Amino acid sequence: MKFSCNQTKTKVTLSFVIALITIFTLAGKLEAQTAPAAPTTETTQTETPTETPAPVAEAPVEEAPQQESEIGLVKLFVTGGWSMWPLLLSSIIGFGVILERIYFFFTAKLVRKGYNQDLQDAIDASGMNGVDEFLKANEGQRITDILKNGMEISQNDPEIFASGIEREAGEVMTLLEKGLTVLSAVSTIAPLVGFLGTVSGMINAFDAIANADQVNAKVVAGGIKEALITTAAGLIVAIPAMTFYQYLQGRVGFFTSEVEEAANKIYKEYLKLKAGRKA
């Protein structure tokens, strides 16, 4: 019995060992079969870098627009043709006039806020004596200089005073309107020059069509681009010039109305004095 039991155990052990050997053998064969698959993944991984040189090819393409953007204005200016030169000159002149006029209006003491209301209060309080005191208290302003000069030559006559104010105000208006004619000319001429460049560009485009055997977009692109650039440049120069012209003209108009209102107040007082003397 013991022998048979030992024999049975031996058989079971041998069977277990054989099974383990068989399992390890099969596992080795499976690994050997699957081992070639690794190179396929490696080849795909090695092939993907060869298929992805797209970013390397795109790198120079990304640098090109940056270089063009740096000199884009120069290229646009050259492409615009001959009409860009008078537009450049007009823009320089207009910009210079705008800076000079803005500096003048912000530094010149023309008229302070509430000037005419304070003048009316002084007239209501003391009549012409109040006017004299008010003008002395507000020296250094352009409107005060105009009124004082008109009163000095008036000889208490309202008509002489009105003539003197008109003359004095005319001199100041000439100073205030200095350069505005230039801005008006720039805002008017710049679009016309731009449109003339547009016509020139379209002529070049049709000339290219006439000389080409086959018509395509590249043939007419140069002339059309020139036409559009000159039109845009003319408007870019004209719009700021017209805007500042209207603004500065408004400042001149406001000062003119203030002078007229103040002069009318004093003119009425002179009429009262004249009527009192006659009475």
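Predicted, not measured: the structure shown is a model, and the values here were computed from it.
Summarising the geometry, atom CD1 belonging to Ile93 is positioned 10.0 Å from atom CG belonging to Leu88; distances are rounded to the nearest 0.5 Å. With rounding to the nearest 0.5 angstrom, the CG atom of Leu147 is 10.0 Å from the CG atom of Asn138. Distance CD1/Ile146 to CG/Leu135: 11.5 Å, rounded to 0.5 Å. Atom CZ of Phe105 is separated from atom CG of Leu176 by 5.0 Å, given to the nearest 0.5 angstrom. Taking NZ from Lys268 and CD1 from Ile123, the interatomic distance works out to 9.5 Å, rounded to the nearest 0.5 Å. We find the CE-NZ distance between Met128 and Lys272 to be 11.0 Å, quoted to the nearest 0.5 Å.
When all heavy atoms of Gly127 and Glu269 are compared, the closest pair comes out as CA-OE1, 4.1 Å. The two residues Val111 and Phe254 come nearest to each other via the heavy atoms CG1-CE2, 4.1 Å. The heavy-atom pair separating Ala238 from Ser187 by the smallest distance is CB-O, 3.6 Å. Of all the heavy atoms in Thr198 and Ala227, the pair that sits closest is OG1-O, 3.1 Å. What you find for Pro158 and Tyr267 is that their closest heavy atoms are O-CE1, 3.2 Å. Residues Lys109 and Gly140 share a closest heavy-atom pair of CB-O, 3.7 Å.
Every residue two or more places apart in sequence or in another chain that forms a side chain to side chain donor-acceptor pair (under 3.5 Å) with Asp118 is listed here: Arg112. Taking the side-chain contact (heavy atoms from CB on, under 4.5 Å) definition, one finds that Pro86 meets it with Val193, sequence neighbours left out. For Lys265, the salt bridge (Lys or Arg N to Asp or Glu O under 4.0 Å) partners at least two apart in sequence or on another chain are Glu261.
No salt bridge links Lys178 with Glu100; every basic N to acidic carboxylate O contact stays at or beyond 4.0 Å.
Residues Val259 and Arg142 form no side-chain contact, since every pair of their non-hydrogen atoms from C-beta on lies 4.5 Å or further apart.
Put simply, the side chain of Ser163 gets close to the backbone of Glu159: a donor and an acceptor are under 3.5 Å apart. Without hydrogens or angle criteria, Ser184 side chain to Thr181 main chain gives no donor-acceptor distance under 3.5 Å.
Within a 6.0 Å radius of CD in Glu166, other residues, nucleotides and ligands contribute 12 heavy atoms or fewer. The environment of CH2 in Trp85 is sparse: at most 12 heavy-atom neighbours from other residues, nucleotides or ligands sit within 6.0 Å.
Clustering ILVMFWY residues whenever any of their side-chain heavy atoms sit less than 4.5 angstrom apart, transitively, puts Leu89 in a cluster other than the one holding Phe195. Note on Ile236: it does not cluster hydrophobically with Leu228, by side-chain heavy-atom contacts below 4.5 Å among ILVMFWY residues. The hydrophobic clustering, which links ILVMFWY residues whose side-chain heavy atoms are closer than 4.5 Å, places Val97 and Leu175 together. Hydrophobic clustering (side-chain heavy atoms under 4.5 Å, transitive across Ile, Leu, Val, Met, Phe, Trp, Tyr) keeps Ile143 apart from Ile153. If you chain together hydrophobic residues whose side chains sit under 4.5 Å apart, Leu235 and Ile189 never meet in one group.
A side chain to side chain contact (heavy atoms under 4.5 Å, CB included) with Val186 is found for exactly one of Ile98, Val237, Leu87, namely Val237. For the side chain to side chain contact (heavy atoms under 4.5 Å, CB included) with Phe134, the lone residue among Asp121, Leu119, Thr144 that qualifies is Leu119.
Using the six-membered ring where Trp is involved, Phe161 and Tyr270 have ring planes that are tilted, between 30° and 60° apart.
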May I have the step-by-step check of ring-ring contact (aromatic ring centres under 6.0 Å, His included) for Phe95 and Phe244, ending in yes or no?
CA-CA 10 Å; Phe95 186 68; Phe244 280 99; 8.8 Å; no

Do Phe106 and Arg101 pass the side chain to side chain contact (heavy atoms under 4.5 Å, CB included) test, and can you show the C-alpha distance, the side-chain angles, and the key distance before you say yes or no?
CA-CA 9 Å; Phe106 277 96; Arg101 287 289 87 189; over 6 Å; no

Show the numbers, then the answer: is there a salt bridge (charged side-chain N to carboxylate O under 4.0 Å, His left out) between Glu168 and Lys148?
CA-CA 10 Å; Glu168 295 292 332; Lys148 287 180 65 176; over 6 Å; no

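With no hydrogens or angles considered, no side-chain donor-acceptor pair links Asn129 and Glu133 at under 3.5 Å. Gln120 and Asp124 are linked by a side-chain donor-acceptor pair at a separation below 3.5 angstrom, with hydrogens and angles left out of the test.
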